[in-house]
Amino acid sequence: MEDIFHWIRKGDAIQVRLWLDDTEHDMNQGDDHQFSPLHWAAKGGHSKIVDMLIQRGARVHTTNMGDDTPLHLAAAHGHQDIVHTLLNHKADLNFINEHGNTPLHYACFWNYESVALDLVKAGSLVAIQNKYGESPLDKCQGSLGHRLYELAKERGQDLNRREFKDQSWIGLKTRSRDATLSRHKGININELYLHTKIATSQTGETWRGKWQGNEIAAKILNVRECTPRISRDFNEEYPKLRIFSHPNVMPVIGCCNSPPNLVVISQFMPVGSLYQVLHEEGGIVVDSNRALHFAIDIAKGMAFLHSIDRQTPRFHLNSKHVMIDCIADEEFCARVNMADARFTFQERGKSYHPQWMAPEALLKDPKGINTRAADMWSFAILLWELMSRELPFPELNPMEAGMRIAMEGLRIEISPGISLHMNKLIRICMNEDPGKRPSFEQVIPILEKMKK
């Protein structure tokens, strides 16, 4: 990680881009003081690098050891263009650091008038006090305080002073994960504290737990016998799932190869899978706009996976293998979960979720399948599921559904409630001729237009 921080401080966008092109590099990791790459880019005023990092999935809400967000640093150094970029990506205007200071406190203290005015226009509070009883207005020099006061008054802000409240205890901080977690190649299974089973499937059990203070999900693979060959194959295939360089792909961040146990470790997602969100009680509300947003996220994640030169273990797309990540208050994104990829030593002939699978994928030998076209069929089923909030063929067990899809032409019925544009797209993606199905790169702009 040392090189990336050096290149960002130098403003070397070319080297940063090359570093990001390595899928194992995680741009949300921190240095010794938990400054993420985005922190350094925001502090240094490197707009192109900021744009690049955010596009690749850098989180605008991450905090360093002093609980500063990138917006704190951009405001403190007067980088107005970067402040605008972070605000456009919904950075928290009034997030307080360990001293109780908001980004506006720093813009006022350093007398960056244009930045301070922009922050107040965007909703920064002028009367919020830090630990020392100082509001942003108290930090102002010259006439800036009066201008900010009048602007806040004009915009209907409550101008009564707000006392500092320590909120660290309720877990609002979003500091970057411990860097050793993503770089650790082999974790001793005895170091894991697994306390709650959260899922059971034919491929293994998934447990919630902790490792060195990190919230994790650990999937214990279901293998009949962990032979030396299987253990070797696991070591060879697992690193291919460490894909950190896309915001809509959730990487495997660690593993345990401790026969008879093979474990893949990923970040714990409290919201759960897309399947849970759509079909189980207590999840988030998925209206048509959010459903479309999730569809675009999934398409972007799959397009990236299809663009990778190296071969990864086979991933079968369905709503159980897509996780929902809360990236800010009431802001969610969908991420393709690489922990659900199928290793070569796992039972190849079995299809555990055939309701989402293309008919040719159920009939042919895996080596003879156009996997990209098969993934597009699965995506069409996901689109239908997102728009209808229904499960494909719920009245049939998986084996019966798979047989009828493959042999009898069983297909989903598109209800009249789905828009004509989405109806057409689903049908195109489910073309019976695999060669006539679109790519994910072609589908993304179509979905983007539906948002407008």
Side-chain angles (χ1 to χ4, degrees), residues 8-9 11 33 35-51 53-54 58-168 172-174 328-329 331:
I8 290 175
R9 287 194 291 268
H33 299 283
F35 277 73
S36 69
L38 186 58
H39 278 102
W40 281 112
K43 180 181 179 181
H46 305 302
S47 300
K48 290 183 179 179
I49 296 177
V50 167
D51 292 339
L53 288 167
I54 292 176
R59 298 192 172 193
V60 298
H61 306 287
T62 189
T63 54
N64 61 17
M65 282 187 173
D67 291 330
D68 298 299
T69 66
L71 185 58
H72 279 94
L73 299 181
H77 291 83
H79 301 309
Q80 188 176 16
D81 54 343
I82 294 176
V83 168
H84 289 172
T85 297
L86 294 170
L87 293 181
N88 288 337
H89 286 85
K90 301 184 179 180
D92 190 341
L93 284 159
N94 296 302
F95 193 90
I96 59 173
N97 64 11
E98 65 177 354
H99 300 291
N101 290 323
T102 66
L104 183 58
H105 276 89
Y106 290 111
C108 292
F109 178 79
W110 293 108
N111 202 33
Y112 292 119
E113 293 191 17
S114 58
V115 171
L117 289 166
D118 287 345
L119 287 171
V120 174
K121 289 175 184 177
S124 288
L125 301 176
V126 300
I128 190 170
Q129 295 182 133
N130 61 19
K131 278 185 178 180
Y132 317 105
E134 301 166 320
S135 73
L137 298 180
D138 297 326
K139 296 285 190 178
C140 290
Q141 303 174 30
S143 62
L144 178 58
H146 177 72
R147 292 175 64 191
L148 294 179
Y149 180 89
E150 291 299 323
L151 180 60
K153 182 178 179 181
E154 178 186 314
R155 292 177 174 266
Q157 280 195 29
D158 180 359
L159 298 174
N160 293 315
R161 296 173 74 87
R162 301 187 181 191
E163 291 186 4
F164 168 77
K165 291 183 179 179
D166 184 1
Q167 295 182 316
S168 60
L172 293 179
K173 304 306 182 184
T174 55
D329 185 32
E331 185 179 353

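All of these numbers come straight from a predicted model, not from anything done at the bench.
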Participant: Check His105, Lys139, Arg161 against Glu134 for a side chain to side chain donor-acceptor pair (under 3.5 Å) and give me the one that passes.
Facilitator: Lys139
Participant: Are the side chains of Glu154 and Glu150 in touch, meaning some heavy atoms are under 4.5 Å apart?
Facilitator: no
Participant: Which residue is it: Leu93, Thr69, Leu73, Ile54? I am looking for the one with a side chain to side chain contact (heavy atoms under 4.5 Å, CB included) to Leu86.
Facilitator: Ile54
Participant: Just do the side chain to side chain contact (heavy atoms under 4.5 Å, CB included) check on Tyr112 and Val83 with the steps written out, would you?
Facilitator: CA-CA 12 Å; Tyr112 292 119; Val83 168; over 6 Å; no
Participant: Go through Arg9 and Lys43 one step at a time and tell me if the side chain to side chain contact (heavy atoms under 4.5 Å, CB included) criterion holds.
Facilitator: CA-CA 9 Å; Arg9 287 194 291 268; Lys43 180 181 179 181; over 6 Å; no
Participant: What verdict does the side chain to side chain contact (heavy atoms under 4.5 Å, CB included) test give for His99 and Asn130, after you've listed the backbone C-alpha separation in whole Å, the side-chain angles of each residue and the deciding distance to 0.1 Å?
Facilitator: CA-CA 6 Å; His99 300 291; Asn130 61 19; 5.5 Å; no
Participant: Do the non-hydrogen side-chain atoms of Leu119 and Thr102 ever get within less than 4.5 Å of each other?
Facilitator: no
Participant: Taking atom types as modelled and ignoring hydrogens, do the side chains of Tyr132 and Asp138 form a donor-acceptor contact shorter than 3.5 angstrom?
Facilitator: no
Participant: Examine distances only and state if a side-chain atom of Asn94 and a backbone atom of Leu125 form a donor-acceptor pair shorter than 3.5 Å.
Facilitator: yes
Participant: Which distance, rounded to the nearest 0.5 Å, do you find between the CG of Asp92 and the OG1 of Thr63?
Facilitator: 11.5 Å
Participant: With rounding to the nearest 0.5 Å, note down the distance linking CG in Leu104 to CG in Leu137.
Facilitator: 7.5 Å
Participant: For the residue pair His77 and Ile82, establish whether any side-chain heavy-atom pair is separated by less than 4.5 Å.
Facilitator: no
Participant: Using the ring of each side chain (for Trp, its six-membered ring), is Phe35 parallel, tilted or perpendicular to His33, with breaks at 30° and 60°?
Facilitator: perpendicular
Participant: Strictly distance-based, threshold 3.5 Å: is any side-chain N or O of His79 a donor or acceptor partner for the main-chain N or O of Ser47?
Facilitator: no
Participant: Counting only N and O atoms by type, is there a donor-acceptor contact under 3.5 Å from the side chain of His61 to the main-chain atoms of Phe95?
Facilitator: no
Participant: How many angstroms lie between atom CG of Asn64 and atom CD of Glu98, to the nearest 0.5 angstrom?
Facilitator: 8.0 Å
Participant: Measuring only between side-chain heavy atoms, which start at C-beta, is Leu148 closer than 4.5 Å to Cys140?
Facilitator: yes
Participant: Within this structure, what is the CG-CG distance for the pair Asp68 and Asn101, rounded to the nearest 0.5 Å?
Facilitator: 8.5 Å
Participant: Within this structure, what is the CD-OG distance for the pair Glu163 and Ser135, rounded to the nearest 0.5 Å?
Facilitator: 13.0 Å
Participant: Checking side chain to side chain donor-acceptor pair (under 3.5 Å) for the pair Asp118/His84: CA distance, chi angles, key distance, verdict?
Facilitator: CA-CA 8 Å; Asp118 287 345; His84 289 172; 2.7 Å; yes
Participant: Would you indicate whether the side-chain heavy atoms of Asp67 and Ile96 approach each other to under 4.5 Å?
Facilitator: no
Participant: Can you measure from NZ (Lys153) to CG (Asp158) and round to the nearest 0.5 angstrom?
Facilitator: 13.0 Å
Participant: Judged by atom type as modelled, is there a donor-acceptor pair below 3.5 Å linking the side chain of His46 to the main-chain atoms of Ile8?
Facilitator: yes
Participant: Does Val60 reach the side chain of Lys90, with side-chain heavy atoms less than 4.5 Å apart?
Facilitator: no
